[in-house]
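Basis for what follows: all heavy atoms, side chains included, without hydrogens, waters or symmetry-related copies. Since the model is a prediction, treat every value here as computed from it, not as a measurement. Lettering follows sequence order; numbering is per chain, from 1.
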2 protein chains.
Amino acid sequence: MHSVRADDQQWEPSVERPDGTRRRATIHDVAKLAGVSRQTVSRAVNDKGEIDPATKERVLEAARLLDYRPSRFARGMVQKGAVTAGLVIPDLMNPFFPEVAAGVLEAAEQRGWQVVVWDSRIDEAREREALDVLSHQADAVIGYFRSPDDVLARHLGGVPLVLLERGPQQTRFAAVGIDAAAGLERGMAHLVAAGHRRIGMLDGVHGPGPRRQAFLEEARRHGLPVDEGWTELCDEHSVAGGEAGMERLLDARPEITAVFGFNDLMAVGAMRAARRRGRRVPDDLAVLGFDGLSLGELVEPALTTLHIDKRRLGRLAVEQVARLRAGEEPMSGPDAWIIPELVVRASA
Amino acid sequence: MHSVRADDQQWEPSVERPDGTRRRATIHDVAKLAGVSRQTVSRAVNDKGEIDPATKERVLEAARLLDYRPSRFARGMVQKGAVTAGLVIPDLMNPFFPEVAAGVLEAAEQRGWQVVVWDSRIDEAREREALDVLSHQADAVIGYFRSPDDVLARHLGGVPLVLLERGPQQTRFAAVGIDAAAGLERGMAHLVAAGHRRIGMLDGVHGPGPRRQAFLEEARRHGLPVDEGWTELCDEHSVAGGEAGMERLLDARPEITAVFGFNDLMAVGAMRAARRRGRRVPDDLAVLGFDGLSLGELVEPALTTLHIDKRRLGRLAVEQVARLRAGEEPMSGPDAWIIPELVVRASA
DNA sequence: TTGTACGCGTTATCAA
DNA sequence: TTGATAACGCGTACAA
């Protein structure tokens with residue numbers, strides 16, 4: 001019977017190579033130390049049956065001594081089924097995205113998948129970097145990307161991709177998104193019903209997109225005296241970005257009585273800027289957000305907004321991945337498009 | 001010269017086994033289809049030199065046809081160095097944690113590590129589940145855990161762990177945390193200097209912890225007429241939790257003139273509850289938060305709070321992991337403890 | 001430029 | 001209950 005001891009002088013949580021350098025202990029080292037075969041070590045470590053309790057104890061002791069941990073790679077080689085998804089988020093500081101991420105994580109957990117998260121910090125170079133890594137280390141990627149399809153494809157190396165918030169006409173990849181047109185329709189109807197006609201919009205940093213397009217479309221439909229000149233590009237999707245944009249918009253279009261925010265953060269910024277200028281919200285200026293962050297309930301006046309089910313967006317993305325992996329057709333149309341719900345509070 | 005075509009009738013992004021089932025294409029299949037050796041495929045796919053451009057093209061075409069992607073496991077076996085850390089977060093909906101996560105992600109990215117994220121949703125069972133998975137799939141784990149050390153150890157299988165916000169006397173694992181005592185000292189000094197003596201506290205769901213302890217300690221130091229009876233346990237670390245707790249606290253201790261929130265969310269809830277009861281903030285009741293969420297700048301009155309550098313907390317945790325992996329002693333004491341900064345705004 | 005042979009660490013199969 | 005052997009898919013010397 002072997003006694004379990006790694007060394008006479010000292011034991012190390014690693015094993016010495018012939019050349020003197022140290023490497024992590026492998027199952028083989030444990031087997032040698034415990035005086036059993038690799039197979040027996042495997043049985044002990046993985047809690048299989050068919051092993052003598054005493055043997056098992058001896059093996060585990062040896063493993064502990066050597067600080068042995070099975071290589072996840074070697075394991076993965078032989079046991080199929082581990083799925084890792086990559087998730088690329090543009091800005092963890094914007095409360096919108098953690099909620100989407102929560103939906104992804106939740107759905108992934110239910111399927112037994114893991115999720116590797118990357119924060120691209122709204123930087124296309126970092127987007128590509130994320131893809132370079134994830135295309136090697138993940139079985140599929142979900143995320144927000146600004147890069148065009150061909151760039152994505154080039155850095156993707158064939159890994160399935162599900163884009164967040166990209167319309168079908170904007171990408172050939174699978175996607176889940178938000179029905180901006182349906183949202184703006186509801187929002188605009190609300191403002192027009194309240195008598196507003198001179199309505200502005202604070203647009204996101206990326207310029208003309210579905211939200212602005214839908215905004216202009218609705219303005220036209222309602223016959224409002226509103227065109228591109230009533231939209232103001234902001235340089236950050238943040239409260240500060242909204243404040244600065246609102247200042248400019250009020251300079252350019254002082255006659256507005258209502259304003260759409262690209263998102264809730266910017267809408268809150270708009271409220272603050274407007275009030276600083278002495279405009280009461282909603283009496284002098286109605287403000288409408290887009291997102292439905294819980295933050296909107298805490299500001300004063302509380303923010304009227306187009307609420308999006310962000311967790312569902314994340315869950316849907318995971319479902320798209322599952323379809324892709326199964327070789328099925330991804331969802332498209334209404335199934336993959338979340339319709340914002342108008343939540344009326346005090347600001348509009 | 002071989003022509004590249006997977007099949008005469010149809011091609012499939014997979015390969016048929018002798019038994020008729022399908023499996024993913026391997027490097028071997030690509031080699032066969034392209035009429036080269038596996039080695040050549042490897043060269044083509046990994047963009048090494050020393051390969052005829054025409055050959056490379058043929059190989060890549062074959063790879064495309066078979067939807068070939070290198071197995072990350074087989075790759076990992078032969079190329080060491082890929083590090084994956086696990087991150088366990090209790091609640092992605094609380095803006096505090098995404099910011100910590102951003103710090104972790106940032107530091108991990110700099111080191112070329114990946115991060116697998118889990119949302120334990122404040123559930124000890126899910127904590128253990130996370131550990132069971134991550135102990136297999138990650139090289140180290142960072143996270144918030146409520147489970148006691150021995151439970152953690154049992155589910156950890158020897159994987160290095162860095163605990164977030166656990167004091168040295170509370171765990172034998174490496175940790176990084178927040179110096180609650182230093183924070184409360186500053187906060188209490190501020191309130192006392194403003195003349196407050198009847199000060200209450202809304203405590204977190206987990207009951208007596210460093211923050212409450214420091215609160216009582218400071219109250220004693222300042223000779224305030226305050227004891228355990230002036231603290232109120234809340235059942236959620238949220239605005240709603242703070243509101244409900246504040247209602248109870250005002251019932252139990254209507255004489256209070258100031259209140260500490262366990263975190264900013266709860267402090268905001270406290271403000272709302274107080275104002276609903278007709279108390280003006282800060283005139284009738286001063287409210288002090290703990291976290292420094294940007295949210296606090298948006299509410300009215302803006303929240304005075306003990307600001308924590310949450311990103312730094314995350315970065316520090318990664319640094320601890322690096323030390324653990326290098327076999328070094330993890331940081332302890334002041335190096336691993338973040339001191340909250342008092343940010344005075346309108347609420348106190 | 002291309003191919004052969006081997007090792008990486010683990011689990012599964014089957015025989016002892 | 002235990003052990004020998006064969007995969008698993010890839011990269012990399014080294015040989016051709």
So does [X] get a side-chain nitrogen or oxygen closer than 4.0 Å to the phosphate oxygens (OP1/OP2) of [N]?
| X | N | answer |
| --- | --- | --- |
| Ser42(A) | dT11(C) | yes |
| Thr40(B) | dG3(C) | yes |
| Thr26(A) | dG9(C) | no |

Would you call [X] and [Y] a salt bridge, taking side-chain N to carboxylate O under 4.0 Å as the test?
| X | Y | answer |
| --- | --- | --- |
| Arg111(A) | Glu319(A) | no |
| Asp139(A) | Arg72(B) | yes |
| Arg166(B) | Asp149(B) | yes |
| Glu61(A) | Arg58(A) | no |
| Glu106(A) | Arg311(A) | yes |
| Glu99(B) | Arg312(B) | no |

Whole-Å gap separating [atom2] ([N]) and [atom1] ([X]):
| X | N | atom1 | atom2 | value |
| --- | --- | --- | --- | --- |
| His136(B) | dG9(C) | NE2 | C1' | 15 Å |
| Glu57(B) | dT1(C) | CD | C1' | 17 Å |
| Arg38(A) | dG9(C) | CZ | C1' | 8 Å |
| Phe73(B) | dT10(C) | CZ | C1' | 12 Å |
| Arg43(A) | dT11(C) | CZ | P | 11 Å |
| His28(B) | dT4(C) | NE2 | P | 11 Å |
| Gln79(A) | dG9(C) | CD | P | 17 Å |
| Met77(B) | dT11(C) | CE | P | 11 Å |

- prompt: Heavy atoms, side chains only, cut-off 4.5 Å: are Lys56(A) and Asp47(A) in contact?
  reply: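 With C-beta onward as the side chain, the pair touches.
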
message: With nearest nucleotide decided by heavy atoms, which residue, Tyr68(A) or Glu50(A), maps closer to the 5′ end of DNA chain C?
response: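 Result of the comparison: Tyr68(A).
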
Pairwise 5' ranking along DNA chain C for Thr55(B) and Val78(B), keeping only the more 5' one: Thr55(B)

message: With a strict under 4.0 Å distance from non-hydrogen atoms of chain A, what nucleotide opens and what nucleotide closes the contacted stretch of DNA chain D, reading 5' to 3'?
response: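 Terminal contacting nucleotides, 5' to 3': dT1(D) to dG9(D).
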
message: Classify Arg69(A) by what it touches in the nucleic acid, base, sugar-phosphate, or nothing, heavy-atom distance under 4.0 Å.
response: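 It contacts sugar-phosphate atoms only.
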
field: Sugar-phosphate only, base, or nothing, as touched by Lys48(A) at under 4.0 Å among non-hydrogen atoms
entry: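 Contact class for Lys48(A): sugar-phosphate only.
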
Residues in side chain to side chain contact (heavy atoms under 4.5 Å, CB included) contact with Ser135(A), at least two apart in sequence or another chain: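 Only Val159(A) meet the side chain to side chain contact (heavy atoms under 4.5 Å, CB included) criterion with Ser135(A).
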
task: Answer yes if the side chains of Glu127(A) and Ser120(A) hold a donor-acceptor pair under 3.5 Å, and no otherwise.
output: no

message: As a test of reading the structure: which of dT11(C), dG3(C), dC8(C) is closest to the side chain of Asn46(A), going by heavy atoms?
response: dT11(C)

task: From the options dG3(C), dG9(C), dA5(C), select the nucleotide whose nearest atom is closest to the side chain of Val36(B).
output: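 Selected nucleotide (nearest to the side chain): dG3(C).
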
task: Measure the angle between the two terminal helix axes of the helix from dT1(C)-dA16(D) to dA16(C)-dT1(D), five base pairs each, and quote it to 10°.
output: 30°

- request: Measure the spacing between CG of Leu87(B) and CG of Leu164(B) and express it to the nearest 0.5 Å.
  value: 7.5 Å

